[in-house]
Amino acid sequence: MPSTDLPAAWEPAAVEAELYQGWVAAGYFTADVTSDKPPYTIVLPPPNVTGSLHMGHALNHTVMDALTRRRRMQGFEALWLPGMDHAGIATQNVVERQLAGEGLSRHDLGREKFVERVWEWKAEYGGKILDQMRRLGDGVDWSRERFTMDDGLSRAVQTVFKRLFDDELIYRAERIINWCPRCRTALSDIEVEHSEDEGELVSIRYGDGADSIVVATTRAETMLGDTAVAVHPDDVRYRHLIGTEVALPLTGRRIPIVADAHVDPEFGTGAVKVTPAHDPNDFEIGRRHDLPSLTIMDERGVITVPGPFEGLDRFEARPAVVAALREGGRVVAEKRPYLHSVGHCSRCDTAVEPRLSLQWWVKVEPLSRAAGDAVRDGRTKVHPPELAKRYFDWVDNMHDWTISRQLWWGHRIPVWYGPNDEVVCVGPDEQPPSGEGWRQDPDVLDTWFSAGLWPISTLGWPESTPDLAKFYPTSVLSTGYDILFFWVARMMMFGLYAMDGKQPFDHVYLHGLIRDAQGKKMSKSRGNVIDPLDWLDRFGADATRFTLARGANPGSDMALAEEWAAGSRNFCTKLWNASRFALSNGATVAVALPARDSLTDADRWILDAADSLVSEVDSLFEAFQFAKLCDALYHFVWDLYCDWYLELAKVQIAEGGARADATRAVLGHVLDTVLRLLHPITPFVTEVLWKALTGKESVVIADWPVPAGVPADADARRRVEGVQKLITEIRRFRADQGVKPGQRVAARLSGVDEAGLAAHVSAVTSLARLTAPEDGFTAGASLEVPLVGGTVTVELDLSGAVDVAAERKRLTKDLGVAEKELAQCEAKLGNPKFTDKAPADVVDKIRTRRDAAATEITRVQARLAALPA
RNA sequence: GGGCGCAUAGCUCAGCGGGAGAGCACUCGGUUUACACCCGAGCGGUCGCAGGUUCGAAUCCUGCUGCGCCCA
């Protein structure tokens with residue numbers, strides 16, 4: 001029946017792809033660097049080239065898209081810049097696995113061929129996520145898509161490395177680092193995840209007789225590399241042993257007993273074995289006491305000490321060493337299982353092996369201080385602000401950063417070593433030294449090193465490009481709070497350093513983590529992962545996005561389940577159907593609305609509500625309150641526009657003439673406003689509907705709504721709310737009396753004029769399914785509805801027996817509510833401390849409530865008394 | 001071990017000094033001319049526990065219990 005071109009149902013799958021291609025083809029997302037508009041920039045935290053879209057991405061992308069789409073509509077030159085990072089370890093792992101399938105290792109290919117192979121892999125399989133972003137509707141500027149291994153970005157990496165090197169903020173040092181024996185590379189602290197694992201604690205006696213000493217360890221095999229035993233200098237138990245030597249079991253090697261204040265005498269026996277090459281604390285002890293460092297494993301974690309354990313993996317060597325010690329009577333105690341903290345590689349979950357090794361480091365202190373200061377002095381604001389503390393805790397206590405990785409895929413360290421131990425760092429336009437004996441450092445840089453440059457390198461740095469001038473600093477960086485340290489801290493450090501102290505972003509928005517319906521973390525092993533692609537297929541992009549945005553309360557995680565997405569899909573459908581109704585009834589978007597005084601109460605009420613919705617959505621957007629703004633929109637569309645205004649509009653349109661025309665204009669105006677407000681969150685359905693409503697090109701480039709600035713009509717609102725209450729009470733009465741919802745009931749209203757609702761009788765009649773009283777009308781039942789202006793009495797002809805029991809139950813319930821209210825109010829007013837100390841307006845309000853409750857009680861009691869027995 | 005956060009309706013969460021809210025779920029009724037992905041009406045909470053501050057506490061403070069996260 002609707003006389004519109006709109007299909008009867010909203011079917012996202014049928015139109016989303018085409019709409020998206022249309023937007024891209026129209027160039028809506030391509031930022032114009034020559035524009036006079038103020039810039040608004042978001043760089044996408046680059047997803048991993050090996051990755052595919054998960055719910056965390058979907059949430060983050062929804063946020064960024066909503067922010068940029070709104071700003072674009074507000075007249076900003078909005079740039080949302082996409083791209084990917086090269087993910088050194090992950091990508092190398094993927095390609096090595098592929099090679100392994102062919103029976104090859106990367107060493108069989110050699111470095112150059114291997115890197116070629118990675119590029120081939122990227123061309124064929126990499127960047128799946130980019131297509132998935134299109135399905136989500138991401139309004140990114142594809143013309144500016146970047147990859148961290150691109151020439152320009154690589155140049156940025158080399159440039160900043162050289163600068164840091166020359167500023168002595170990059171150095172090379174031999175230290176204990178986190179080593180992944182599977183990836184065979186160093187990891188930074190942040191790439192190590194700790195968990196409480198079951199292991200063993202073995203107590204071993206070193207030396208014999210009175211001079212022996214017992215130490216405990218969870219990594220027994222490391223005793224092969226012990227070069228001392230340490231005790232606390234004040235520990236009377238061992239004071240006589242300090243300076244002596246004991247024989248290391250199994251090897252017989254003699255090692256000293258040293259005194260070190262960092263040993264905790266309370267822990268275990270108070271004596272610790274010292275393995276400087278395989279433990280960070282021991283390394284420090286070794287340094288203080290000038291102990292040798294014995295490396296006992298190779299890069300795969302295989303024992304290299306000549307003897308019975310040589311060639312064993314560390315986890316095979318551990319029980320073998322314990323067994324040998326046990327055999328020699330050296331094991332004093334064994335505790336198994338023993339729960340202790342173990343570090344794991346964040347990429348492959350292998351237990352990290354602390355390893356002495358020569359690596360490149362960033363001296364972070366001056367950089368991290370600047371990164372902290374930018375937030376401290378408000379140049380960059382963190383949302384929600386509570387998380388700033390966590391940021392400070394991190395950047396203010398940051399350790400130097402290991403940036404070299406023993407990989408082939410990545411930015412190679414631009415340092416050459418000469419035949420006479422020369423070390424030359426080469427800048428981007430410099431020729432590396434050549435000749436006999438010169439070689440480049442074989443390692444590459446941590447992926448986060450290039451990712452940290454992302455906000456500047458993508459805009460063209462180190463060149464002074466127009467993009468950089470126009471779009472830097474960026475406006476917002478959005479990411480999950482779990483990777484605050486990865487993205488935010490590093491981008492801040494490098495951005496500030498490279499851009500002379502200009503912060504890389506004005507705002508940092510940190511969203512929560514996605515969880516399942518029970519609030520549990522999603523994980524493959526739990527089997528509770530929800531695939532956003534599945535939702536995109538089944539519910540559409542808009543529903544997926546709305547669900548995510550609606551769950552995004554600042555600082556807190558969100559639980560997701562299919563029901564949420566179904567609810568959002570229902571919301572889109574509701575919007576669709578409401579729009580079909582409006583359009584089929586001739587809703588229009590006029591240049592100017594009819595004069596306000598020619599409009600009805602309902603018209604003014606919904607226009608005022610739409611106006612305040614605009615203000616509310618605006619301030620919520622500014623505060624990154626996505627959940628609340630979604631709720632506000634949902635409530636307005638469903639509970640105000642659909643449930644009430646559309647129903648009232650039916651009555652007004654039925655009047656015909658100017659009234660109907662004005663109603664069509666209001667219907668269209670409000671719908672237009674709502675569609676534009678919703679567009680940043682649900683771009684697809686709003687696009688189709690808005691084009692149908694306005695006939696214009698695209699809501700993507702429409703103006704963002706602004707409040708009309710007309711003072712709200714409080715009287716109209718009061719009367720509409722009175723009408724609503726009256727209708728609801730009649731419906732309640734009908735339901736209690738078992739009257740079918742569709743059945744029309746003859747009714748006589750009185751007191752309507754006194755309540756100021758004379759103009760609304762037809763609305764009440766229509767929405768409460770009433771008919772005018774005719775001859776033979778019998779007022780078999782009646783109800784009273786107290787309103788602000790007066791009480792309206794409704795007499796109904798139920799043409800049958802009144803359900804007295806139901807009526808008594810209803811009235812009794814009403815009485816109970818009123819009595820409770822009265823008791824509460826009187827308790828307060830009877831307390832002189834309350835009347836003395838509470839603000840006058842509060843006391844007045846309670847008095848008013850008390851009086852209303854008292855009146856209501858009298859009224860309801862009278863009704864109850866009048867009921868037949 | 002250090003730090004942080006959370007405990008409000010069956011579930012997921014808002015509210016954070018003056019009348020306990022939302023979505024979903026649930027119950028009842030429904031071919032009402034946009035919509036059953038819907039309409040109408042309902043049910044449901046001593047706001048974790050114990051103290052304290054206040055005329056007044058879900059809301060502020062202290063302690064406890066339970067859960068979660070980050071760091072070591």
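Just so it is clear: chains get the letters A, B, ... in the order the sequence lines come, proteins before strands, and each one is counted from 1.
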>> Closest approach to the side chain of A/P741, judged atom by atom: which nucleotide of B/C70, B/G18, B/G30 is it?
In response: B/G30
> Which part of the nucleic acid, if any, lies within reach of A/D643 when heavy atoms closer than 4.0 Å are counted: base, sugar-phosphate only, or nothing?
Replying inline: sugar-phosphate
> What is the base-pairing partner of B/C24, counting Watson-Crick and G-U wobble geometry with both distances under 3.5 Å?
Replying inline: B/G10
>> At 4.0 Å (heavy atoms only), tell me whether A/F571 reaches a base, stays on the sugar-phosphate, or touches nothing.
In response: nothing
>> What's A/I846 touching, base or sugar-phosphate or nothing? Going by heavy atoms closer than 4.0 Å.
In response: nothing
> Reckon A/C642 touches a base, only the sugar-phosphate, or nothing at all at heavy-atom distances under 4.0 Å?
Replying inline: base
>> Checking contacts here: which listed nucleotide (B/C70, B/C24, B/G3) is nearest the side-chain heavy atoms of A/D393?
In response: B/G3
>> Which nucleotide wins on minimum distance to the side chain of A/F834, given the candidates B/C24, B/G18, B/A72?
In response: B/G18
> Does A/K389 pair with A/D393 as a salt bridge, N-O distance under 4.0 Å?
Replying inline: yes
> Expressed in angstrom and rounded to an integer, what is the separation of A/Q743 atom CD from B/U31 atom C1'?
Replying inline: 15 Å
>> For a quick test of reading the model: is some side-chain N or O of A/S556 closer than 4.0 Å to OP1 or OP2 of B/A14?
In response: yes
> Reckon A/K809 touches a base, only the sugar-phosphate, or nothing at all at heavy-atom distances under 4.0 Å?
Replying inline: nothing
>> Nearest to the A/E647 side chain among B/G18, B/C35, B/C43, which nucleotide is it?
In response: B/C35
>> Within the 4.0 Å heavy-atom criterion, would you say A/T835 contacts the bases, only the backbone, or no part of the nucleic acid?
In response: nothing
>> Can you measure A/N570 atom CG to B/C37 atom P for me and round it to whole angstrom units?
In response: 8 Å
> Is any side-chain N of the basic residue among A/D736 and A/K813 closer than 4.0 Å to the acidic one's carboxylate O?
Replying inline: no
>> Base, sugar-phosphate or nothing for A/N397? Non-hydrogen atoms, less than 4.0 Å.
In response: nothing
> What is the nucleic acid contact for A/K574, judged by heavy atoms within less than 4.0 Å: base, sugar-phosphate only, or nothing?
Replying inline: base
> So, does the side chain of A/E821 form a donor-acceptor pair with the base of B/G19 at under 3.5 Å?
Replying inline: yes
> Do any N or O atoms from the side chain of A/D542 and from the backbone of A/V685 form a donor-acceptor pair under 3.5 angstrom?
Replying inline: yes
> Can a salt bridge be assigned to the pair A/R718 and A/E721 using a cut-off of 4.0 Å between side-chain N and carboxylate O?
Replying inline: no
>> Under 4.0 Å, counting only non-hydrogen atoms across every strand here, what does A/R731 touch: a base, just sugar-phosphate, or nothing?
In response: sugar-phosphate
>> Measuring from the side chain of A/Y634 (C-beta onward, heavy atoms only), which nucleotide among B/A34, B/C37, B/G23 has the closest atom?
In response: B/G23
> Is A/E562 touching bases, backbone alone, or none of the nucleic acid, heavy atoms closer than 4.0 Å?
Replying inline: nothing
> Base, sugar-phosphate, or nothing for A/A838, non-hydrogen atoms under 4.0 angstrom?
Replying inline: base
>> Pick the closest RNA chain B nucleotide for A/L767 and for A/Y481 by heavy atoms, then say which residue is nearer the 5' end.
In response: A/L767
> Do the charged groups of A/E687 and A/K691 touch, with an N to O distance under 4.0 Å?
Replying inline: yes
> Taking NZ, NE, NH1 and NH2 as the nitrogens, is one of them in A/D396 or A/R376 under 4.0 Å from a carboxylate oxygen of the other?
Replying inline: yes
>> Taking the nucleotide of RNA chain B with the nearest heavy atom to each, does A/R849 or A/A735 sit closer to the 5' end?
In response: A/R849
>> Over all strands shown, is A/R732 touching base, sugar-phosphate only, or nothing at heavy-atom distances under 4.0 angstrom?
In response: sugar-phosphate
> Which part of the nucleic acid, if any, lies within contact of A/R550, taking any heavy atom under 4.0 Å across all strands shown: a base, the sugar-phosphate backbone alone, or nothing?
Replying inline: sugar-phosphate
> With sugar-phosphate meaning primed atoms plus P, OP1 and OP2, does A/K389 contact a base, only sugar-phosphate, or nothing at under 4.0 Å between heavy atoms?
Replying inline: sugar-phosphate
